[in-house]
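Written out below as structure tokens is the structure these notes cover.
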Protein chains: 2
Amino acid sequence: MQTFNPELCYLNNTLQRGKRVVVENGFIVEIGEGDNSDKGLYLPGFVNAHSHAFQRGLRGRGEAFPAGANSFWGWREEMYRLVNEVASTSFKSWCLSAFQEMRNAGITTVGEFHYLHHEEQFDYAFDDIVIEAAKEVGIRLVLLHASYQHAGIGMPLSEEQKRFNTQDFDKWKTQIETISTRISESELCSLGLVAHSIRAVEQEAITQIADLAYHMGLPLHLHVEEQQKEIQQSLDAYSKTPMRFLCDEIEISPLVTAVHCTHTAEADMEEWLTRGGNVCICPLTEANLADGICDVPRIVRSEGVISLGTDSNARISMLEEMRLLEYVQRLYRQERGVCINSEGDMASYLVDIATKNGARTLGVKAGSIETGKLADFVVIDTEHQQLQGVTEEHLLAALCCGCDNSVIIKTIIGGH
Amino acid sequence: MQTFNPELCYLNNTLQRGKRVVVENGFIVEIGEGDNSDKGLYLPGFVNAHSHAFQRGLRGRGEAFPAGANSFWGWREEMYRLVNEVASTSFKSWCLSAFQEMRNAGITTVGEFHYLHHEEQFDYAFDDIVIEAAKEVGIRLVLLHASYQHAGIGMPLSEEQKRFNTQDFDKWKTQIETISTRISESELCSLGLVAHSIRAVEQEAITQIADLAYHMGLPLHLHVEEQQKEIQQSLDAYSKTPMRFLCDEIEISPLVTAVHCTHTAEADMEEWLTRGGNVCICPLTEANLADGICDVPRIVRSEGVISLGTDSNARISMLEEMRLLEYVQRLYRQERGVCINSEGDMASYLVDIATKNGARTLGVKAGSIETGKLADFVVIDTEHQQLQGVTEEHLLAALCCGCDNSVIIKTIIGGH
């Protein structure tokens, strides 16, 4: 049993003093009266709903432009170079770097959208490494295990994509069963299923993967409409957008998440949200990759569930992701206060996105400080220079707009 | 005399090892061979070309939207509330907070665009306080002393703007003479002149202020076209845009800086740049205030001199300003590598913006590590987790894209 007596604690969307949080076997079992003896503001730990940990190895790479400006596809070439130079040791070292940096950014759960599977042919050597690395760092991991079959709709994999290859649905399902057993041995790890994208997985397999996830009660994630080219390819092949395809072909539920949705049409988004689907946005990566500007106000108006991902890990900061989500909309629309809840509260809305919504997206019992939830916390130094002079009333907004990882004292995961 | 032996040093736009930098009376007097005994990467200290230090008091304020989204003008109401509640003590405390946080963000020179002058009627009490606060923190200050006369073109000041009032040009000039004497006593302080904006200063006075700056050899700064409303007011009153007005009425030189230029027309910008004028952009503040998206590629193509300002100080991070300048353009244009120099190098371009260009904008002999320049450095921890595994080739790009204030070990100002 552990007990925490936070000076300040984020409970029921308000900041409260004098609370005591009792933890048993990793879960919060009681919230009562405390003595403020634990310094700092306790928030639910941040949930990073979309990461490719190995891409931490790209930091600073692909950022020179001798031939002038390029695009997402130029960056992808650099990423593929990394993919093909990485070995077990370096793969593990990038995972360790990314996960450790995440903890220092207040992240307690990471959804690792994992598609770089093989060191040699079909060995799935990197699957275990992701799990080991997370375990060593002590971060809660949802291994989102990705099926990857195609270079594009109806196009065989290129040489440089061979390490992603999961072959047909049945073969991939066998690996899911294997890895599922491994994961059940690890206390901080759970499983989610992924069809990488409409580009990379064949039509029938996407339906099968979605069915499997639904019947296993696991989260399902897909990359959706990050790039206009993907939409065009889908229109050419299926005469419909990727999002329309998904709405037509799969069961949508609060465990199903479309990642990016940068260029999603209004009607498609409306249906996705109405049927309970989530949207994961990755502001820093989408900016770095020049993806374009998502119609976030449409999602906010429909009370859609947005979560956040650090994606390429070019920068790891949930606080910066939170403000960038709002700031990009401000710049584009010349309006302040786009990402707000029904009370007009931006800070609570952004904190929920980074915690509660991420937890739903990954199917973990975390994301809020309440009885029955996992004891995952991020502790903020309210006396840090970046928060100097800020009153309690404005603390969360100052955190969202004015702070970086320096204000994070520590993360606590499952009470430890 | 001080000597520095940086492990890594940014000289002539390249990273070099084994150099020795010798400093006398605050200036670099020699660069020779060294022994790498001083840990870290030495860059020229960052130059913050546009700040309103007291607005540090707003951090987290004006970020709730119970009546729904608002705009720059909604934020300004909150700012005016702060303006009218601040007293000498609190004004000084916000200045100290802002300046100290700037040093921790690697800033060695701040251009304080100072228009909140009076505690009581025309006492200019806050002018001295800015100077004192900078002195206590040990940051190099360019006091950009602002004339402020109007609420809008031809409109008398409102009650809440009384603390800005500098009355007519002659009265303001008297204060400039007074403050100029005070400043000459302070080693780390110099003076620049400001006409706050076309909105706030009468037509004739703008010309007089520009003349005075030109003849005194001082920098001249103005807010220009941050908001479309300002452009409309100028069109109504003068039948021309603010930028057109300036091009017609004042001497433009490398010491003259237009701040923001968010909505500046192409032809106006072209003339401004051709005649040697600078543009100061404040990415984080312009995002926070929902100003809109500046046509940065136009300035880059014309080889215009862009500098950066932390402006409202809602967040103080030059590294984040640098990446946001580029990232906003990437998102809006779906192109990567907008802010690049003639070699296609983004990182050097952004570092120059944050150093050399800022120094030109403020008229200080800083901004690069070379003989004859001020010994102002920011020292970066290349072993920090955020830079882990990054090779020297990609170090600057990783710094621009992947780091926050945590990587900054210290700043050195005038060799101390």
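Just so it is clear, the structure is predicted and the values come from calculations on it, not from any experiment. Throughout, a chain's letter reflects where its sequence line sits, starting with A, and its residues are numbered from 1.
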Using a 4.5 angstrom heavy-atom cutoff, name the option from B:Gln386, B:Glu393, B:Glu286 with the most pairs to chain A.
B:Gln386
Sort A:Asn341 into side chain, backbone, both or neither according to what part of it lies under 4.5 angstrom from a heavy atom of chain B.
neither
Closest-packed option against chain B by number of heavy-atom pairs under 4.5 Å, given A:Gly389, A:Ala347, A:Ser342, A:Ser93:
A:Gly389
Ranking B:Tyr327, B:Trp75, B:Trp94, B:Tyr349 by heavy-atom pairs under 4.5 Å to chain A gives rank one to B:Tyr327
Basic-acidic side-chain contact under 4.0 Å: A:Arg59, A:Glu101
yes
Distance-only donor-acceptor check, side chains B:Asp295 and B:Thr264, under 3.5 Å:
no
Which of the residues A:Ser317, A:Ala69, A:Ser406 is involved in the greatest number of heavy-atom pairs with chain B at under 4.5 angstrom?
A:Ala69
Please determine, among A:Ala67, A:Ser97, A:Cys400, the option with the most heavy-atom pairs under 4.5 Å with chain B.
A:Ser97
If you count every heavy atom of other residues, nucleotides or ligands that lies below 6.0 Å from A:Phe91 atom CZ, does the total exceed 12?
yes
Does B:Phe65 have more than 12 heavy atoms from other residues, nucleotides or ligands lying within 6.0 Å of its CZ?
yes
Non-hydrogen atoms of chain B under 4.5 Å away: do they reach the side chain of A:Asn70, the backbone, both or neither?
both
A:Glu321 side, atom CD; A:Asn48 side, atom CG - distance, nearest 0.5 Å
7.5 Å
Heavy-atom proximity to chain B below 4.5 Å, by part of A:Gln385:
both
Donor-acceptor check, side chain of A:Arg336 to backbone of B:Gly74, threshold 3.5 angstrom: yes or no?
no
Pair count under 4.5 Å, heavy atoms only, with chain B: among A:Gly57, A:Gly292, A:Pro66, A:Pro297, highest is A:Gly292
If one checks every heavy atom of B:Asn313 against chain A at 4.5 Å, the contacting part turns out to be neither
Which region of A:Leu399, side chain (C-beta onward) or backbone (N, CA, C, O), has a non-hydrogen atom less than 4.5 Å from a non-hydrogen atom of chain B, or is it both or neither?
neither
Which one of B:Gln227, B:His263, B:Gln228 satisfies the side-chain hydrogen bond (donor to acceptor under 3.5 Å, both in side chains) criterion with B:Asp291?
B:Gln227
A:Ile293 versus chain B, the contacting section by heavy-atom distance below 4.5 Å
both
Option in B:Ala398, B:Ala397, B:Gly402 with maximal non-hydrogen atom pairs under 4.5 Å from chain A:
B:Gly402
Name the member of B:Thr262, B:Asn405, B:Asn288 that forms the most heavy-atom pairs with chain A at distances under 4.5 Å.
B:Asn288
So, are B:Glu63 and A:Arg330 salt-bridged, with charged N and O less than 4.0 Å apart?
yes
What part of B:Leu324 gets closer than 4.5 Å to chain A, counting heavy atoms only: side chain, backbone, both or neither?
side chain
Heavy-atom contact with chain B under 4.5 Å, split by part of A:Gln329:
neither
Side chain, backbone, both or neither of A:Gln100 within contact of chain B (heavy atoms, under 4.5 Å)
both
Atom group of A:Arg333 that falls short of 4.5 Å from chain B, counting heavy atoms
neither
Most contacts with chain A, counted as non-hydrogen pairs under 4.5 angstrom, among B:Val338, B:Thr391, B:Asn104
B:Asn104
Main-chain N/O of B:Cys403 paired with B:Arg323 side-chain donor or acceptor, under 3.5 Å:
yes
Structural part of B:Glu343 lying under 4.5 Å from a heavy atom of chain A:
backbone
Ionic contact status for B:Arg76 with B:Glu226, cut-off 4.0 Å:
no
Is the count of non-hydrogen atoms from other residues, nucleotides or ligands lying under 6.0 Å from B:Glu303 atom CD greater than 12?
no
Which residue out of B:Leu58, B:Leu284, B:Leu396, B:Leu289 racks up the most heavy-atom pairs below 4.5 Å with chain A?
B:Leu289
Separation between CD1 of A:Ile353 and CG of A:Leu308, rounded to the nearest 0.5 Å:
6.0 Å
